[in-house]
> 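Here it is: the structure, laid out below.
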Amino acid sequence: MNKILRKSNVFYDVYERRPGADKLTTTYCPGCGHGILHKLIAEALEDFGVQDRTIFISPVGCSVFAYYYFHTGNVQVAHGRAPAVGTGLKRANPNSIVISYQGDGDLAAIGGLEIINAANRGEGLTVFFVNNAIYGMTGGQMAPTTLIGQITMTTPLGRSVENEGYPIHMSEIIATLEAPVYVERVMLGDTKSIMHTRKAVRKALKIQIEKNGFSFIEVLSACPSGWKMTPIQGEKWVTDTMTKYFPLGVKKDISDTFEGRDFSRKNVEPSELHEVLDIKETRIDAEKIAPFIMKLVAEEIKIAGFGGQGVLSLGTVLSEMGMRHNYEVSWLPSYGPEMRGGTANCSVKISSKKIGSPVVANPTILIAMNRPSLDKFETGVVSGGLIVYDSSLIDRAPTRTDVTVIPIPATKMADELGNTKIANMIIVGALIKYLGIMSQEIVLDSIGDVLKRKELVPLNQKAILKGAEFIKNIK
Amino acid sequence: MPKQFLKGNVSVVKGAILAGCKAYYGYPITPASEIAHAAALYFPRAGGTFIQAESEIAAINMVYGAASAGLRVMTASSGPGISLKQEGVSYCAGSELPCVIVDIMRGGPGLGNIAPEQSDYNQVVKGGGHGNYKTIVLAPNSVQEMCDLGILAFDLADKYRNPVFILTDGFIGQMMEPVEFPEPIAQEKIPEKSWVVKGTAETSDNVITSIELDPDDLERHNLKLQKKYKIIEEQEVRVEEYHTDDAEIVLIGYGIVSRIIHSVIDELREEGVKAGMLRPITLFPFPKRKISELAERVKFFLTAEMSNGQMVDDVRLAVEGKKPVYFYNRMGGNVPSMKEVHDKVIKIMRLL
Ligand SMILES: Cc1ncc(C[n+]2csc(CCOP(=O)(O)OP(=O)(O)O)c2C)c(N)n1
Ligand code: SF4
Ligand SMILES: [Mg+2]
């Protein structure tokens, strides 16, 4: 007991952060559990020699000013969010010892989601949950742990099951999760119970210090002011009444078999980052693109069809190939209100000049892969423009007479190659051949850089050639 | 040339990692989800942390923790998620924690839709959480800028110990364009932070907090923050000007709208109309002085926005009634077409 009575070195000698004249006493009321639990934690940190490594998170509640007292790293956080902040702290510096200290309003009400998920992830935190069955700080309102019949400022007739439901058993809930290593409910009553709490505090901290494990210690604790009791009545109420609703004891303990968690991050040098981020040089063959660099290109392409026809990738391949010819390019997918009924479209711009708007309202080229797309976009094509459509799927020809129309039985041709999905690449091949703004050789050579599935490169190349062949034959 | 063809949402992640960002905490939401996807892939590989948080509230608080510990850290979301983050943003501003928050705006209010809008302007630029605070807000309008302004965001965040937003719309997040990535920032170039809490002896006297119980203390803290914002307003304004030199008409827009305006200006110039564009790259600090100067010599302004008129309020404040400020908008996920903006200009010209 002597050791507990001596002020731990983990506490500041003088509480300089406390405003006002009194820099020696704490802000806690006589008989309050917070002060006792602070002492047990400070003593353990001192004994384990981890004062410097410790970061104490002050919650919102009566312990909001814990940082006045603990000479450790301190972070004060929003109401209920300590386990999330603790996650960020611990992951940043896995060697730090992070304590999330929270009241019942903080942890079980407003912060319910954060504690459940931090526990479930098995964050390397030690959580001290001070259950005093009331909101101490704000003047004694009901907490989720307030007992049935207990009178508080917001349950003036006593908590009723009908209106407020039952007191929440956080330890039991946390203990159902797989990741927590050690969960126990203890109390601050007589000396014996305090000594037992001391043991639980130390064990919980040890689990973090040695193995980065998540522990949860629920501490039944008196709030004489909130309960409108004397300290002695308070201690008795914790011991006799609270324990009936909140059975003490270990709810979960896998510390023997728990192997430990490693939150350390990989050490990656900045010089390695380009490789790690897949940042690669795009090959641009100056010699091969030479015949194209003087071309004045300003194509605005709308590509549309069913989802699954490769409409979006038709667009990205065209743009990527354009980029390899030093054109300015942009690609904008349909999404949002346009993306209904399984149709997809994208806007591609390929230009010799800087691209302003990436939106294509009036395409110079429409690639229609299905009937609804032709119906929808035909009228928008600029006069003198081009419509390419999949004539194996679309049962009508465009009605416009002021545009060039190229029907390509792309799906049928793709089937002949043994893969319906390659119809989009047949169109790529055809379009590139027809427009003459890109080198077919470059397209064939670099298609492998663009595709995700490298095993499909030969098939894609075949399709591009087949599309080009088609144009050659009709020209 | 080391060009890569990428989505804006991917570009911002690669840029962030090159800027030394070591942690990403976020909750998925369209049209920002590719940011989480790319972050999940690249952060662990690059020696960083990625966690899919249980909510945006948790995500921003994880950011609060990582920033307290001195890491360069980011999160990303869209409208509904940004609303949830505001509590944490206010705490970050109060505790003066550097962090980067990306908002890929979608349609609102409520669940709205996933199409692009610019209706988060007020909640981001005006400080949507409680208290007298400001965040620095950068507004990229290209995939390249998603990288470049993303990198700048981390520098500004550290320089001013302040949260920085990247505010853009679904189109800029979703579209693909070529990007050139810079070399990674060297660790020595990231400023040392003596105020952080890292679980070390040197940092054990530090405290990260936003509480000041005493009104005089809190007023002092607020005054200090306001002073910082003033310096930011003096030093960090960034704009893009296009044909403003001799412009009689100035169109103002940011994000995707500025791309459309850019093209409209080309059209108008071809028709002989002396039009120019002012694009705020920083929304806070807002280019008040620049607009005020232009107000001396132009005939009128036209602000185009995908909102009910949120930025135009700031334009009007800057113009101070010196010249008419017209407004053209679309909402709900519709993007103003070049024709709409063009015709609006012509219509106003006829009126005058
Ligand atoms: C978002 C938010 N809502 C409400 C409050 C007001 N508030 C401060 S402390 C508190 C209750 C704290 O109760 P508890 O967590 O049980 O801590 P105790 O004071 O009992 O130790 C509340 C509701 C706040 N600070 N922030
Ligand atoms: S109000 Fe209750 S919890 Fe708060 S300090 Fe007083 S006794 Fe402790
Ligand atoms: Mg309480």
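Worth saying up front: this structure is predicted, and the values here are computed from it rather than measured. So that the names make sense, note that chain A is the first sequence line, chain B the second, and so on, each numbered from 1.
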> Sort out for me which of B/Y242, B/Y42, B/F43 touches chain A most, counting heavy-atom pairs under 4.5 Å.
B/Y42
> Relative to chain A, which segment of B/I51 carries a heavy atom at a distance below 4.5 Å: side chain, backbone, both, or neither?
side chain
> Measuring heavy-atom distances to chain A, does B/N206 have an atom under 4.5 Å in its side chain, in its backbone, in both, or in neither?
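Contact with chain A involves the backbone of B/N206 alone.
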> Side chain, backbone, both or neither: which part of B/L213 has a heavy atom under 4.5 Å from chain A?
side chain
> Can you classify the ring geometry of A/Y101 versus A/F56 as parallel (below 30°), tilted (30 to 60°) or perpendicular (above 60°)?
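The rings of A/Y101 and A/F56 sit tilted, inter-plane angle from 30° to 60°.
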> Walk me through whether B/F50 and B/Y24 qualify under ring pair (Phe, Tyr, Trp, His ring centres under 6.0 Å).
CA-CA 5 Å; B/F50 169 88; B/Y24 181 97; 5.7 Å; yes
> Side-chain contact, heavy-atom cut-off 4.5 Å: A/V64 with A/M137?
yes
> Can you tell me which of A/P19, A/A361, A/P270 forms the most heavy-atom pairs within a distance under 4.5 Å of chain B?
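Of the options given, most contacts go to A/P270.
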> Top residue by heavy-atom pair count (under 4.5 Å) with chain A, among B/I260, B/V196, B/I261, B/I60?
B/I260
> Begin from the C-alpha positions of A/D22 and A/R18 and carry the test salt bridge (charged side-chain N to carboxylate O under 4.0 Å, His left out) through to its verdict.
CA-CA 8 Å; A/D22 181 358; A/R18 184 174 177 182; 3.7 Å; yes
> Please look at B/E212 and chain A and tell me whether the side chain, the backbone, both or neither of the residue comes under 4.5 angstrom of a heavy atom of that chain.
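For B/E212, neither part sits under 4.5 Å from chain A.
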> Report which part of A/V359 has an atom under 4.5 Å of a heavy atom belonging to chain B: side chain, backbone, both, or neither.
side chain
> Can A/F11 and A/H71 be said to form a ring pair (Phe, Tyr, Trp, His ring centres under 6.0 Å), step by step?
CA-CA 5 Å; A/F11 289 128; A/H71 186 180; over 10 Å; no
> With under 30° as parallel and over 60° as perpendicular, where do the rings of B/Y64 and B/Y91 fit, or are they tilted in between?
perpendicular
> Report which part of B/T49 has an atom under 4.5 Å of a heavy atom belonging to chain A: side chain, backbone, both, or neither.
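Both backbone and side chain of B/T49 come within 4.5 Å of chain A.
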> Counting only heavy atoms closer than 4.5 Å, note whether B/I17 contacts chain A via side chain, backbone, both or neither.
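Both the backbone and the side chain of B/I17 come within 4.5 Å of chain A.
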> Using the rule given for salt bridge (charged side-chain N to carboxylate O under 4.0 Å, His left out), can you reason through A/E300 versus A/K349, listing the C-alpha separation, both sets of side-chain angles and the distance that settles it, and then say yes or no?
CA-CA 5 Å; A/E300 307 203 353; A/K349 288 201 176 183; 3.3 Å; yes
> Please look at A/I355 and chain B and tell me whether the side chain, the backbone, both or neither of the residue comes under 4.5 angstrom of a heavy atom of that chain.
both
> So for B/P336, is it side chain, backbone, both, or neither that comes closer than 4.5 Å to the heavy atoms of chain A?
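No part of it gets close to chain A.
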> For the pair A/S96 (side chain) and A/R53 (backbone), establish whether a donor and an acceptor sit closer than 3.5 Å, ignoring hydrogens and angles.
no
> Please step through salt bridge (charged side-chain N to carboxylate O under 4.0 Å, His left out) for the pair B/K3 and B/E180, ending with a clear verdict.
CA-CA 5 Å; B/K3 273 190 194 168; B/E180 284 179 51; 5.1 Å; no
> Against chain B, label A/L113 side chain, backbone, both or neither, depending on which of its atoms sit under 4.5 Å from a heavy atom there.
both
> Which atoms of A/E123 come close to chain B, meaning under 4.5 Å heavy atom to heavy atom: side chain ones, backbone ones, both, or neither?
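Just the side chain, heavy atoms under 4.5 Å.
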> Is A/N362 close to chain B through its backbone or its side chain, or both, or neither, when contacts mean heavy atoms under 4.5 Å?
neither
> With chain A, which of B/S258, B/A201, B/G70, B/G199 has the greatest number of heavy-atom pairs at distances under 4.5 Å?
B/G199
> For A/S330, which atoms come within 4.5 Å of any heavy atom of chain B: side chain, backbone, both, or neither?
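Answer is both: backbone and side chain atoms of A/S330 are under 4.5 Å from chain B.
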> Is there a donor-acceptor pair closer than 3.5 Å between any side-chain N or O of A/Q76 and the backbone N or O of B/V207?
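Checked: no pair found.
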> Hey, are A/E114 and A/R81 close enough for a salt bridge, meaning a charged N less than 4.0 Å from a carboxylate O?
yes
> Less than 4.5 Å to any heavy atom of chain A: does that hold for the side chain of B/K7, its backbone, both, or neither?
side chain
> Where does A/T316 contact chain B at under 4.5 Å (heavy atoms): side chain, backbone, both or neither?
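For A/T316, the contact with chain B is made by backbone and side chain together.
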> Where on A/R324 is there a heavy atom nearer than 4.5 Å to chain B: the side chain, the backbone, both, or neither?
neither
> Could you tell me if B/T75 and B/K85 have a donor-acceptor pair between their side chains, going purely by distance under 3.5 Å?
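Present: a donor and an acceptor within the cut-off.
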> Using a cut-off of under 4.5 Å for heavy-atom pairs, which of A/V329, A/N95, A/D278 has the most such pairs with chain B?
A/D278
> Could you look at A/D52 and say if it's the side chain, the backbone, both or neither that has a heavy atom under 4.5 Å from chain B?
both
> At a heavy-atom separation under 4.5 Å, does B/Q174 approach chain A through its side chain, its backbone, both, or neither?
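The answer is both parts of B/Q174.
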> Could you tell me which of B/I211, B/V13, B/T203 has the largest number of non-hydrogen atom pairs under 4.5 Å with chain A?
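Most heavy-atom pairs within the cutoff with chain A belong to B/I211.
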> Salt bridge (charged side-chain N to carboxylate O under 4.0 Å, His left out) for B/R259 and B/E177? Distances and angles first, verdict last.
CA-CA 13 Å; B/R259 298 284 295 260; B/E177 283 182 317; 2.6 Å; yes
> If you tally heavy-atom pairs under 4.5 Å against chain B, which of A/F70, A/F263, A/Y67 wins?
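Option with the greatest count: A/Y67.
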> Before accepting this row, confirm whether a basic side-chain N of the pair B/E340/B/R330 lies closer than 4.0 Å to the acidic partner's carboxylate O.
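Yes, B/E340 and B/R330 are salt-bridged.
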> Which atoms of B/I185 come close to chain A, meaning under 4.5 Å heavy atom to heavy atom: side chain ones, backbone ones, both, or neither?
backbone
> Which atoms of B/A46 come close to chain A, meaning under 4.5 Å heavy atom to heavy atom: side chain ones, backbone ones, both, or neither?
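Both parts, heavy atoms under 4.5 Å.
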> I need the residue from B/P31, B/S337, B/A186 with the largest number of non-hydrogen atom pairs under 4.5 Å to chain A.
B/P31
> Assess the residue pair A/Y15 and A/Y12 against the criterion (ring pair (Phe, Tyr, Trp, His ring centres under 6.0 Å)); give the C-alpha distance rounded to whole Å, side-chain angles, the decisive distance to 0.1 Å, and a yes or no.
CA-CA 6 Å; A/Y15 306 136; A/Y12 283 108; 7.7 Å; no
> Does A/E275 have more than 12 heavy atoms from other residues, nucleotides or ligands lying within 6.0 Å of its CD?
no
